[in-house]
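Throughout, protein chains are lettered first and strands after them, A, B, ... in sequence-line order, and every chain is numbered starting at 1. Side chains are part of it too, since the values below use all heavy atoms of this structure and drop only hydrogens, waters and symmetry mates.
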There are 2 protein chains.
Amino acid sequence: MTSATTGPSRRERLRAATVAEILTTAHRLLVTDGPTAVTLRAISREMGMTAPALYRYYPSLEDLMEHLRAQLSDECTAYIAAEMDKAGPVDSPGRLYQGARAFRTWSKAHPIEFAEIFAAHEHGAGDGHPEDGPSHEAGMRFAAVFLNEFIALWQRQRFPIAEHVSEELRVQLQPFLDQFGVPLPVGALQVFLSAWIRLYGAVALEIFGHLHFGIADVTPVFEAELADVAARLGVEYQAP
Amino acid sequence: MTSATTGPSRRERLRAATVAEILTTAHRLLVTDGPTAVTLRAISREMGMTAPALYRYYPSLEDLMEHLRAQLSDECTAYIAAEMDKAGPVDSPGRLYQGARAFRTWSKAHPIEFAEIFAAHEHGAGDGHPEDGPSHEAGMRFAAVFLNEFIALWQRQRFPIAEHVSEELRVQLQPFLDQFGVPLPVGALQVFLSAWIRLYGAVALEIFGHLHFGIADVTPVFEAELADVAARLGVEYQAP
DNA sequence: TGTAAAAGTTTACGGTGTTTACGAGTGCTG
DNA sequence: CAGCACTCGTAAACACCGTAAACTTTTACA
C-alpha cells in the first residue's frame, strides 16, 4: 500500500489506461482510414495485442463504437463550451453566437466524427431500446450546453416567444420542463427547439455535402441563418 | 428477329431485369436485416447465384450501394411528387405543405433508407470527387421537386424576401441561379435554402432519434416548425 | 454453323467479429 | 506465507466477408 488515501486500485488504473488507449486508437483509425477501418483486429494490432483481448473491455465492436461516439460527442461539447467561455462570462451576449459557430467549426474540422455522432445509429434494424447507452447520455450533456445558455438568455432578456402554443405541443414539452426543472415557459422551449433544428440542419447539410450543388462557400448561408435566428430571438446580429 | 421495331435487345432486357432484381434484393436485405446485412454474398445467395457473378453488373459493393441509394432517393422523390399532386394542380396552395409532410411521412416509414440517403457518404475518408455518381444526380432530382414548387409559389405570390442579401451570399447564390436558369431572385433562393434547412433539420433530428429525450410525439414540433416557415412565406397555415 | 462476347461458376486469398479453451500474472485472504 | 480466485492475455477455430483470377457455359450474330 503506497498511498494512504484509498484511491483507485492499481488494477483499476491499468484498466482505465487500457480503455483510454483503445478509444484513442480507434479514434485515430477512424479519422485516418475511415469508419470501415475501425476493426477489433486493427485496434489490437496497433496496440500490440490480439483481437479477442479487447473482449475483456467491451462485449462487442458495436459496444466499443458506442463508447467511442460518446467520447467524440464529449470532445465536441467541451470545444463548444470552451469557445463559449472565450466570449465572456455567463451573462454576456454573443456566447450563443460563439457556441453556434464553434459547433460548425468543430463539425467542419471533424466531419467523420460528426457523422459518427449525429447520423443514424439505430444500428442493426431491430428493437433496441432507443433511450440508453453512453452516447445518449453524452448527447444530453451536449444539449445541456446550449440549453443552459438559452436559459441564461431568457433570464437576462425575455425574447419574444410564440404567443400561442398549440395544446398538442404543450402536452409534449411541459412534462420535459417539469421533469428536469427547466425554468423556461413552453413557448421559449419551442423557440429553442426551432433554433437547434436550424443550427443542426444547416451544419448537417453542409457536412454531408448536400449543399455543394453550386455553393462553394457555405459560410454566408450559415451566417444568414444565424442572423435570422438572432432576429427571432431579438438579439442584434454580431458578425464573426 | 421477332419484333419489327428495334427496341432493347433480349440480352439488354435480361440484364436490366437482373440489375433490378439485384437492387430490390439489396433493398430487402437492407430493411429487414440492417445495413451490415447488405453483402454481395447475401444478395447472390438470395438470387440463387454466386457472389462473383455480381461483378458482371457492379465493379464493387460500394458502387452497388451507390446505385441503390440513387434508387431509394428516387423512390422518396416520387412519393413526395405524388403526394403533392394529390393536393391539387401546380398553382394550388397547400402543395408545399403536402410535400413537406410527405417528406416526413416517407422518412418515418423508411428510416433506414433515409439514413442511407441523407447521412454521410463521403465513404472511405479520402479525396473522392464529391460531385458525381448516380446518388448525387438523384439528389438533384429530389431538390428539383421542392425548388420547382418554390418557383411556382414565387410566381403566384411574391412572398417577402430578405430585404438585404449580403454580398458574400449573393456571390455564392447568383451563379447557381444563372447556371440553371432559375427564375428566382437571390433573396428568394435564400428563403428556399432556409426552409429546406429547417425541413431537413426537423426530419433528420427526429429520424436519427435526437429529439427523443422527452418528446414522445414529434408531430406538434414539426407542425410548429412548418407553421413558422409558412408565416415567413406569407401563406396561411393549413392544418393536416 | 462457327465464333466471340457475355454470364456465371469454381477456387483461392486475406480480412473480419466472435467463441472457446487455455495459460500467465495479480492480489486478496486464511 | 500458501492457496486461491480473479484478471488479462493468447491461440485456435468457426463462419462470414470483398475481391481477383481462371475456367465453363450460354447466348447472339455474321
Checklist entry - Starting at CG of Leu54(A) and ending at C1' of dT10(D), how long is that distance when rounded to a whole Å? => result 12 Å
Next on the checklist: Between Glu12(A) and Arg15(A), does the salt bridge (charged side-chain N to carboxylate O under 4.0 Å, His left out) criterion hold? Intermediate values first, please.
Outcome noted: CA-CA 5 Å; Glu12(A) 284 170 334; Arg15(A) 185 177 180 85; over 6 Å; no
Checklist entry - Are the side chains of Glu168(B) and Asp217(A) in touch, meaning some heavy atoms are under 4.5 Å apart? => result no
Checklist outcome for this item: Result for ring-ring contact (aromatic ring centres under 6.0 Å, His included) between Phe103(A) and one of Tyr200(A), Phe142(A), Phe222(A) points to Phe142(A)
Next on the checklist: Any base atoms under 4.0 Å from Tyr57(A), or only sugar-phosphate, or nothing? Heavy atoms, all strands.
Outcome noted: sugar-phosphate
Checklist entry - Taking OP1 and OP2 of dG9(D), is either one under 4.0 Å from a side-chain nitrogen or oxygen of Tyr55(A)? => result no
Next on the checklist: What verdict does the salt bridge (charged side-chain N to carboxylate O under 4.0 Å, His left out) test give for Glu223(B) and Arg101(B), after you've listed the backbone C-alpha separation in whole Å, the side-chain angles of each residue and the deciding distance to 0.1 Å?
Outcome noted: CA-CA 9 Å; Glu223(B) 287 297 326; Arg101(B) 293 195 180 106; 2.8 Å; yes
Item to check | Parallel, tilted or perpendicular, as decided by the 30° and 60° cut-offs, for the rings of Phe118(A) and Phe114(A) | outcome: tilted
Checklist outcome for this item: Sorted by chain and residue number, the ring-ring contact (aromatic ring centres under 6.0 Å, His included) partners of Phe192(B) (sequence neighbours excluded) come out as Phe150(B)
Checklist entry - Which part of the nucleic acid, if any, lies within contact of Ser60(B), taking any heavy atom under 4.0 Å across all strands shown: a base, the sugar-phosphate backbone alone, or nothing? => result sugar-phosphate
Checklist entry - Centres of the Phe213(B) and Phe176(A) rings: under 6.0 Å? => result yes
Checklist outcome for this item: Given the options Glu113(B), Glu62(B), Glu75(B), Arg69(B) meets salt bridge (charged side-chain N to carboxylate O under 4.0 Å, His left out) only with Glu62(B)
Checklist outcome for this item: By nearest-heavy-atom nucleotide on DNA chain C, the more 5' of Met49(B) and Ala51(A) is Met49(B)
Checklist entry - Which whole-number value in Å describes the distance from Glu21(A) CD to dC8(D) P? => result 14 Å
Pairs under 3.5 angstrom, nitrogen or oxygen only, protein versus nucleotides 15-17 of chain D, please.
unit_1, atom_1, unit_2, atom_2, d
dC17(D), OP1, Thr39(B), OG1, 3.1
dC17(D), OP1, Arg45(B), NH2, 3.4
dC17(D), OP2, Arg45(B), NH2, 2.7

Item to check | Contact interval (first through last nucleotide) of DNA chain C with protein chain B, 4.0 Å heavy-atom | outcome: dA5(C) to dA12(C)
Checklist entry - Given atom CG of Leu14(A) and atom P of dC8(D), what is their separation to the nearest angstrom? => result 9 Å
